[in-house]
Amino acid sequence: MSKERVAWFDFLRGIAILMVIGIHTFASTLQKGELVCDSLLILRQLLNCAVPLFLAISGFFLARKSGERSYGQFWKRQIPKVYVPTLIWSLPYLGLYIWQGNEWWKGIVLLFVCGFSIYYFIALIVQYYLLLPVLSKIKRGGVILTFIITMLSIGVVSYLDLIKGYGMSSIVKGGPFPVWMIFFTVGIYLGNMKERAYRLWPWLLLLVVGLSLSFWETKWVYPFHHAGYGIKPSTHIYSLAVIMVLFSQRVQKMFTSDNCVFNAFVYLGRISFGVYLTHCFFIMVLTHFLEFDWASLTVLTLALTVCFIYATRRITPGVARKVGFY
């Protein structure tokens, strides 16, 4: 794989992790009370492709590495690499959970299933790692099948959470592998392609349609229980289209560059796992002491998180490696 291609996907990781921060700072600043204005609502819906992008990139590279090692060796190496740092960064949440009067044994269960904060993604990716022997053989028909499974799953989750108002936790609504399956699968499918030279216009059209549906679906479901900014069937359609557009070789060649902005996002993409693990701590501390608007909190959270990771890598590289900063 060329350096340019690696840089492009690191760039996409950088964009995706910035979107993740934006989603969580939105929840801390604007996701309260009445529905936000239309312009902010559209901007918030644009961010919903972040997790699907990460899943597709993971599937893409795993497909291109198939045959390099046995699945047993892969699991032994890769699962601890993502799981152990998550356990470490979950410990403060466990302490807070018990301090708030919850039963300790429930906290221990949440710890080991990645049930604290936003760490459901790690439970999710581990499931896909374990399913890799099956998913790596997927063809076009399998992609269509996983799309159907995903849309049925997200439809059920959205109905229970957004319309019935069961208030499902992140690990319950976002942790089961069928809810996001199409994105990891389509990443594998694209990774197995010799050339990603498909037509773009149908996917650009679907992107616009999906984003529009996401906007109107949020307006429809929000009055039920003041929820609906995040994942739902329409955002999955939008996200699939985003992936197909951004993974196109034509788009990659068009936007890959050697300027400072591109390189900054490449660097951000390469430390994105550490940013994912730690940025919510900075949001919690910042919003505890001061009030911020959405943009200011996003920029400050990003800056502090990146500085923290950079300093840790420079001062204690051994610790940085163990806690997920490499």
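Residue numbers count from 1 along this sequence. Note that the structure is a prediction, hence the values are computed from the model and not measured.
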Aromatic contact between [X] and [Y], with the criterion being ring centroids under 6.0 Å apart: yes or no?
X      : Y      : result
Tyr222 : Tyr229 : yes
Phe183 : His236 : yes
Phe247 : Phe9   : yes
Tyr310 : Tyr267 : no
Tyr159 : Phe224 : no

Side-chain ([X]) to main-chain ([Y]) donor-acceptor, under 3.5 angstrom:
X      : Y      : result
Gln45  : Leu211 : no
Ser214 : Gly210 : no
Asp10  : Arg270 : no
Lys106 : Asn102 : no
His226 : Glu34  : no
Tyr128 : Phe177 : yes
Asn263 : Asn259 : yes
Lys137 : Pro133 : yes
Thr150 : Trp180 : no
Trp8   : Leu246 : yes

| said: Would Thr316 and Thr312 count as a side-chain contact (heavy atoms from CB on, under 4.5 Å) here? Give the steps. | reply: CA-CA 5 Å; Thr316 57; Thr312 305; 3.7 Å; yes
Give, for atom [atom1] of [X] and atom [atom2] of [Y], the distance between the pair rounded to the nearest 0.5 Å.
X      : Y      : atom1 : atom2 : answer
Lys173 : Ile231 : NZ    : CD1   : 6.5 Å
Leu53  : Phe60  : CG    : CZ    : 13.0 Å
Leu297 : Thr29  : CG    : OG1   : 6.0 Å
Leu30  : Leu41  : CG    : CG    : 11.0 Å
Phe184 : Ile125 : CZ    : CD1   : 5.5 Å

Would you say that [X] contacts [Y] through its side chain, given a criterion of any heavy-atom pair below 4.5 Å between the two side chains?
X      : Y      : value
Leu160 : Met168 : yes
Phe26  : Ile23  : no
Val275 : Ile21  : yes
Ile283 : Thr25  : yes
Ile271 : Arg313 : yes
Asn48  : Lys232 : yes
Met181 : Leu135 : yes

In terms of hydrophobic clustering (I, L, V, M, F, W, Y; side-chain heavy atoms under 4.5 Å; direct or indirect links), are [X] and [Y] co-clustered?
X      : Y      : value
Trp216 : Tyr238 : yes
Ile42  : Leu213 : no
Val134 : Ile144 : no
Val208 : Trp201 : no
Val245 : Leu205 : no

Where do [X] and [Y] come nearest, in terms of heavy atoms and distance?
X      : Y      : result
Lys322 : Pro85  : O-CG, 3.6 Å
Gly115 : Ile171 : CA-CB, 3.9 Å
Leu132 : Leu62  : CD2-CD1, 4.2 Å
Val143 : Ile138 : N-CG1, 3.8 Å
Ser248 : Tyr198 : N-OH, 3.3 Å
Phe273 : Ile122 : CE1-CD1, 3.7 Å

| message | Checking Ser117 against Tyr93 for the side-chain hydrogen bond (donor to acceptor under 3.5 Å, both in side chains) test, could you report, in this order, the C-alpha distance in whole Å, the side-chain angles of both residues, the deciding distance, and whether it holds? | response | CA-CA 8 Å; Ser117 187; Tyr93 290 108; 3.3 Å; yes
| query | Looking at Tyr189, does the NZ or CZ of Arg140 lie under 6.0 angstrom from its six-membered ring centre and within 45 degrees of the ring axis? | reply | no
| Trace of the side-chain contact (heavy atoms from CB on, under 4.5 Å) decision for Val285 with Phe282 | CA-CA 5 Å; Val285 172; Phe282 290 99; 5.9 Å; no
| request: I would like to know whether Val20 and His279 meet side-chain contact (heavy atoms from CB on, under 4.5 Å); could you show each step before the answer? | output: CA-CA 9 Å; Val20 168; His279 73 277; 3.8 Å; yes
| field | Chi angles and distances behind the side-chain contact (heavy atoms from CB on, under 4.5 Å) call for Leu46, Met19 | value | CA-CA 9 Å; Leu46 284 169; Met19 289 179 172; 5.9 Å; no
| request: Verify whether one side chain among Tyr119 and Thr86 offers a donor that lies under 3.5 Å from an acceptor in the other. | output: no
| request: Look at the rings of Phe121 and Phe54 and say which category their plane angle falls in: under 30° parallel, 30 to 60° tilted, over 60° perpendicular. | output: perpendicular
| task | On the 0 to 90° scale, with breaks at 30° and 60°, tag the Phe325-Phe308 ring pair as parallel, tilted or perpendicular. | result | perpendicular
